[in-house]
Amino acid sequence: MTAGQITAIQPAQEAPDQAGVGPLGPKPRRISAGRIGLYAFLIVAALFFLIPVYIMIVTSLKGMPEIRLGHLFNLPGEPTFQPWADAWLHACTGRDCNGLSPGFYNSVKITVPSVVISIICASINGYALTFWPYKGANFLFGLLVFGAFVPYQVVIYPLIIGLSSVGLFASLPGIIIVHTIFGMPILTLLFRNFYAAIPVELFKAARVDGAGFWRIFFHIMLPMSLPITVVAVILQVTGIWNDFLFGIVFAGRPNWPMTVQLNNIVNTTTGVREYNVNMAATILTAAVPLLIYFISGRWFVRGIAAGAVKG
Amino acid sequence: TDLEVIHWWTSKGESAAVSQFAKAFDNDGHGDKWVDSAIALGETARSTVMQRVLGGDPPGAAQFNPGRQYEELISGGKLLDLTDVATAGRWDEVIRPKAIGSACLVDGHWWCVPVNIHSNYWAWYSKPVFEKAGVPEPKSMADFIAAAPKIKEAGLIPFAIGGDGNGWQIQLLFQDMVTEALGVAKRDEMYTKKSAEIAGGPEMKGVFTQLRTLKQFTDNGYANRNWNDTTNLVITGKAGLQVMGDWARGEFAAAGMTGVKDFGCMIGLNEAKPVVSTDGDIIVFFKQDNPDVEAAQKRLAALLISPEVQVAFNNAKGSMPVRGDVDMSAADPCMQKSLKAVEDPSNIVTATNRFITENTNQQINELVSQYFADDSMTADDATAKFGTIIGNSD
Amino acid sequence: MAQNGTSVSIQDLSLSFGVISVLHTLNLDVAEGEFVVLLGPSGCGKSTLLNCIAGLLDISEGRIFIKGKNVTWEEPKDRGIGMVFQSYALYPQMTVERNLSFGLRVAGVPKDEIAKRIARAAEILQIEPLLQRKPSALSGGQRQRVAIGRALVRDVDVFLFDEPLSNLDAKLRAELRVEIKLLHRKLQNTMIYVTHDQIEAMTLADRIAVMKGGVIQQLDAPQTIYNRPVNRFVAGFLGSPAMNFMDGRLEKDGGDWHFAAEDVRIPLATYAFEKEPTPGPAVFGMRPEHVAFNSGAGWPFAATANVEVVEPMGSDTLVWLKLGGQNFTVRVTSERTPNNADTVSIGFDPMRASLFDAQTGSRL
Amino acid sequence: MAQNGTSVSIQDLSLSFGVISVLHTLNLDVAEGEFVVLLGPSGCGKSTLLNCIAGLLDISEGRIFIKGKNVTWEEPKDRGIGMVFQSYALYPQMTVERNLSFGLRVAGVPKDEIAKRIARAAEILQIEPLLQRKPSALSGGQRQRVAIGRALVRDVDVFLFDEPLSNLDAKLRAELRVEIKLLHRKLQNTMIYVTHDQIEAMTLADRIAVMKGGVIQQLDAPQTIYNRPVNRFVAGFLGSPAMNFMDGRLEKDGGDWHFAAEDVRIPLATYAFEKEPTPGPAVFGMRPEHVAFNSGAGWPFAATANVEVVEPMGSDTLVWLKLGGQNFTVRVTSERTPNNADTVSIGFDPMRASLFDAQTGSRL
Amino acid sequence: MQKSWRRRFHLPAVIGTIPMILVAVGVFVIGIGFSVLWSFTSSKLFPTYDFVGLAQYRRLWSDSRWLVSVNNIWFFGLMSITCNMVFGYLLAVFMDQRIRQEDLFRSIFLYPFAMSLIVTGLVWQWVLDPNLGLQAALRNLGWSSFSFAPLVDADTALYALVVAGIWQGSGVTMAILLAGLRGVDEEIWKAARVDGIPTWRTHMSIVAPMMKGAFATAFVLQCVSVVRVYDLVIAMTGGGPGIATSMPAVYVIQLITVRQNVGQGMAAATMMLLPVLVVLAFSGILLWRRNREASA
Ligand SMILES: Nc1ncnc2c1ncn2[C@@H]1O[C@H](COP(=O)(O)OP(=O)(O)OP(=O)(O)O)[C@@H](O)[C@H]1O
Ligand SMILES: Nc1ncnc2c1ncn2[C@@H]1O[C@H](COP(=O)(O)OP(=O)(O)OP(=O)(O)O)[C@@H](O)[C@H]1O
Ligand SMILES: [Mg+2]
Ligand SMILES: [Mg+2]
């Protein structure tokens, strides 16, 4: 058991380095070929992903005359931040020339409750479907998934009629309901499949502990669904923040989200297009989802059920 | 009274123009307020309006194209009858050309207010390109087709076009060519009588053949190009000529160009036979239960067509006013051409949309853009198909 | 133990997973305050039975009563049970402390009461330093202790323990065994306890239920099960080292019954037959620890044999011999360990033996 | 056993999880073909040590050699090891058969060879009928057997077993114990085996390593550990029922050493001291099974005492007495079980005792 | 009586899923019902109840654009779902290797999802435009024979759409699969490492099957976005060149909003749902039979 014994059975020629014992201590984070390949792949993929945003940023810093020259990949000759200022503050959308900024608050007002409510609804659905399936529940779920395949425009008419008959058409609650409805199929699927992978013993233990439907959900399941909730948040924040179609119809004029302005800045049938402002406006609009992606990343925790069960 | 107006005038120039309406309405002395609901893209704005109507929450007023789109709105009783305003403002007299007024006059009732005229019948060309290629500036499409090979030789794109949005640019070109080939009268006959015979006839085949010829003079980047980018090719001197409506002037102006030495404009694809189309914008008003709102709507309707507002709006927008009794001396040379042309009723081409439904329109779009894209489709096939579409249109 | 009524009563319970039938018309009555241990080979349906009692599995047939109430379709939380799962089932996102307190918080127990109970459980289970850790940072045994703690803190009528001590070391296991016994004495609640450890079974149980293939073979006091197993399976299953079985014949010599195998003849005068025996093939069972070793004469049956193998087991040694041409083991205290090939004398009293039918395996 | 070299050698191994230091400069040499059992209280770092040997945890300091090769930075698969996890870690979506065969198929072992090995493992482990099931349809013990099987089918130099039998019933456990022993004899591979079962430890091990708090306390042959524990911890940890400890003083009377506690004086003439003792406080340890009970005179030390508690344990009974004012247990075969409050005589030979320093706990 | 608690109606479960019931029945069933109903009418701008039988379907199936759309969707769907899943899984796996700057990489792969396609589509057009984008850039660098104009050719435009689709959507696939990966127990990895299973085999044979929920989710999400693909096509090609890249959803939406032919649009939508219905019903029956076998 002593070091002497060890050296005895370690012929010097086998490990010619000092004391004849070779590697010691924690494995150094060596850069292996595999890791180089891995980073190479990631970086190449990242570059591919970044091409458009590079062009967007570069373009947004150019003046229109420079853009007309058409040198897409060139860095701006005389960088200008005017397009950004325009996009945020001055761009015209109809008679108002206040840029994107006025819609920002509306977008927040729509997005936050819609995201929260839709995720709560969907996670409850997924949970109930996995652990408390009642007769017909899975058939309902099938219907729901079926609904996910319908182009929005098809269901929009009945929805308009329905919502206006209960007086929620063109209102904040109306738009929140609509987002919840259209988020439900995919989100429910997301959560259902996630919960199906959770060991059922945890559910059993909680039931024995006397917890009921809601308590198991809020205290056991929800905290364990962090990674999938992040995915749900990513999906919903993006979807709702960028939504334009529903916002414009169901939110009502006073609640129009930022995307209406974005659309107005970016699109025109027969008017002149200012590409630099368009690019800046697009990046600005995407800033909130991007921020959320970045922040929510750390909630992609590893081993969510680690240590919970064996077998 | 607050009045919400939905429109798709969202670009910088359009925005300046619509402010003229808003300003006038806000200051009409009745405490009115123009609530601006700009929604870019005509189809988006229109379907929003439709959905709002369906949801029982229509806007006070909305922009439309003069077409058959809103016939259903009239028959559905959704629109406000403006006949009394029109009578008071003697619209039937002041609005010229007549064709544009008739868009709003259905069964003796006025259902909308035309606010401007946009003509689709224009070709825009780069003077430097023609100079460089050593060919004279074109006076007609024939001239241009003759000159095109030279331009190509000079390493430039002779003909600029874009294929975005279901190929509407191509259809615009096509419709212009149809009118030129058939002449106004025969064209109108084809559309009104839904004459498959004319539509499938030899003149039409000529149009399709010419279209194929033009395709040879385009670049291979046309596929999904915006009209702006197309115009930009002309502006930057990369391409020779583009067929586009008069709104293209705005791009040239934004690039700091005047129609004197940098670019030229060819009216009606043939300077010898100038035509002006009655495309343009109209405003419709939706029936509301509130009499106050109705009064405000009528005030706005009257205002939109008043001479001062017409001048202010159209100068900003770059379009022609719908009444001739206004002072447009500030307009640029190209505009002057069309102001001159519009005075002669025989130069007036009724907008295609007035004859056909949007459904038919899109079918034509598809046919034309498919034909343009797909070289394996023969002119005969295309002509036959066009005949069928027109024959079956409703 | 206040055996003043039936606490858990299971009637004709059957359960199958699809085509695999696990429990077959099982009946079990547990008196109030009784400590019943379920014993049985791996896969015989012990965990499944506990799950049924807890209401965590859909039973196929039968009824379950707890405290006289038919709870067959009742929610687990309405059955007044606490359970320790074989697979721990700790809540991964909660610290140990929160894991322990969850059930109490659900029940609305006051804060200080919770703290008190947790402190007590943590002390018993020696997990105080771990209270703030998450399950993933615990060793196997520590997880198991937390799982026990989660049941201990709860104040319920019936405790269901599924192999609660299997991952613990002998010392801790012995301590916890005592603690569980004390707890049971104090709380007087009913306990149904699955274990593979016979010491646990023998020391804790009021009654032991030995299961095999989803059927309870014998349900009796530990000593009875140990001394008078109803069939060969129970006899062989209990006891470590296992009982010796000798195949042979039951014979009547004059008025006396004998068991004969090859050259061995065991007189059965002192053996208490279950019912009047008939001659024929039978199996003779004798526990290795009931065999006297080199301890002189005076035994109703005595023999000499050669030592074949010697297996030391710490405190004792197992000596393998041949008797009646068959393997026969004897447990010997360490100091008396013989050497291989030694000739030794053995003796036992057939009173302590068990005789089984060679066919059915049931006790004669 | 061919002890012709060192198979696994661990040098100055340290490991911590963040601030929690689990293993402290641990050294361990396992000879080729040796069977080493790791024993120790729950949470002492046994699983962690196995994980380090397998290369599944990044060690903080030290080196690991397997077959003379420094594998400190080697991948697990290049270490020539097979491992059974305490938490089984079966592949949930594969049938038992696929679970067993997967590693082999990846390694490109021929089909019929795979089939043969699986058949053999399944037979040993009695899991033939389960081969087509998925882990979720298995009982705890069945899962554990599959986990063992997965290691068994592999042809490796070193096996690491983490409590492989903890969820099995005594009978099966005994059988598998024998199988593992036989397997080891046959394959001659090195085995490092964690268990809490002392019988397992005693019967299987060539040497036992007793761990506490990440440090190996004693590494020796089972009998040595059992009879001459190096410190009080080892003495108390091994043996069930546990060793009796009596606090008292070491005194020298004339030339003879005595151990004194209250009225008890134990002569230590026969005791083999580790080194020359000095008078002072000490702890006297005596295993309950080494105490003779009502067996007459002739013992170097004899006394009488009143029975306080009687604890039946199946084959034996534990009798609690008071000796020197302290609890003292004696293991008694069942037939000699006394009644409560009986006065009994006991005797033992201090040769079998262990004496410990009262402060440091190390053997005197 | 033989109904177990699991299958009984748990009041809280029913209450908790009221939104789902309302949406499934109240919105999708009724909504789809109306669409089917309207597909038998001559509805133009607004839905009407002037029934014309199967006329809309006849017109639909004689419309070359619809036929092209139907052809396209299969090709596009197959290509883009496969590529997306493979690429997304690769990304997820690589992201799971305890890499540096994980947040940064993840955000990069996800950002296209956050950007309005109106503009990113335009940028892609620019990049793919032979006179502006890659072709021009590389030719400027001296590679004068380089030719790359995928959007122009009807045959390659679909590939360009697939690439842009991957660019836009694989980040989400990655996120879902990453969440699934992170749920896999560490011990499984350990076991596989000891078994000497190469990492890629571990992924293929052990981890991926364990993540079938995540895969199913990502797959359905992909299917949904393929069936409903609209923005991508509009932004990238507008259905062109010609009608070469038209898709059913684009067709439906254009019929409803631009062509103002609600009746035919609903007919097209009904046709789109038909295969989905078949697939769902089929898998539903399979599932039901499996459950019945399991609980028999
Ligand atoms: N991931 C971790 N983070 C922090 N501490 C840990 C972690 N894993 C284990 N530990 C601690 O390390 C110590 C040793 O754990 P290990 O699993 O090796 O114990 P063990 O000897 O196998 O115990 P048992 O017999 O209970 O399985 C324990 O105290 C445990 O709490
Ligand atoms: N979900 C399931 N599907 C099919 N069979 C199952 C399922 N769960 C358990 N079984 C089978 O039912 C039988 C009983 O399982 P159970 O878990 O009750 O055994 P056990 O007595 O607790 O065994 P152990 O002592 O090994 O834990 C086993 O043979 C097992 O294979
Ligand atoms: Mg079990
Ligand atoms: Mg362990």
Colleague: Please examine the side chains of D/Phe85 and E/Val194, heavy atoms only from C-beta on, and report whether any two atoms are closer than 4.5 Å.
Modeller: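 Contact flag for E/Val194/D/Phe85 side chains = yes.
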Colleague: Donor-acceptor check, side chain of D/Arg150 to backbone of E/Asp195, threshold 3.5 angstrom: yes or no?
Modeller: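 Judged by distance alone, no pair lies under 3.5 Å.
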Colleague: Contact between D/Tyr91 and E/Thr202 at the side-chain level, heavy atoms closer than 4.5 Å - yes or no?
Modeller: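 With C-beta onward as the side chain, the pair stays apart.
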Colleague: Could you give the distance from OG (D/Ser87) to CD (E/Glu186), rounded to the nearest 0.5 Å?
Modeller: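 The OG atom of D/Ser87 sits 11.0 Å away from the CD atom of E/Glu186.
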Colleague: Backbone N or O of E/Val207 within a donor-acceptor pair of the D/Gln93 side chain at under 3.5 Å?
Modeller: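 Answer holds: no.
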Colleague: Answer with side chain, backbone, both or neither: which region of D/Asn51 has an atom nearer than 4.5 Å to a non-hydrogen atom of chain E?
Modeller: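 Looking at D/Asn51, just its side chain touches chain E.
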Colleague: I need the minimum non-hydrogen distance between E/Ser205 and D/Phe102, along with the two atoms involved.
Modeller: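 Reported closest heavy-atom pair: CB-CZ, 3.1 Å.
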Colleague: Side chain, backbone, both or neither: which part of D/Met83 has an atom under 4.5 Å from a heavy atom of chain E?
Modeller: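 Contact with chain E: backbone and side chain both.
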Colleague: Write down the atom of D/Val106, the atom of E/Gly196, and the distance for their closest heavy-atom approach.
Modeller: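 Heavy atoms of D/Val106 and E/Gly196 come nearest at CG1-O, 4.0 Å.
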Colleague: State whether the number of non-hydrogen atoms from other residues, nucleotides or ligands found under 6.0 Å of E/Phe94 atom CZ is greater than 12.
Modeller: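 Counting neighbours around CZ of E/Phe94, more than 12 heavy atoms of other residues, nucleotides or ligands fall under 6.0 Å, so yes.
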Colleague: Restricting to non-hydrogen atoms, name the atom on E/Ala191 and the atom on D/Ala89 that form the minimum distance, rounded to 0.1 Å.
Modeller: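 What the structure gives for the nearest pair is CB-O, 3.7 Å.
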Colleague: Are D/Glu75 and E/Arg193 close enough, and set up right, to give a side-chain contact (heavy atoms from CB on, under 4.5 Å), and what steps lead you there?
Modeller: CA-CA 8 Å; D/Glu75 275 296 296; E/Arg193 283 175 73 191; 3.9 Å; yes
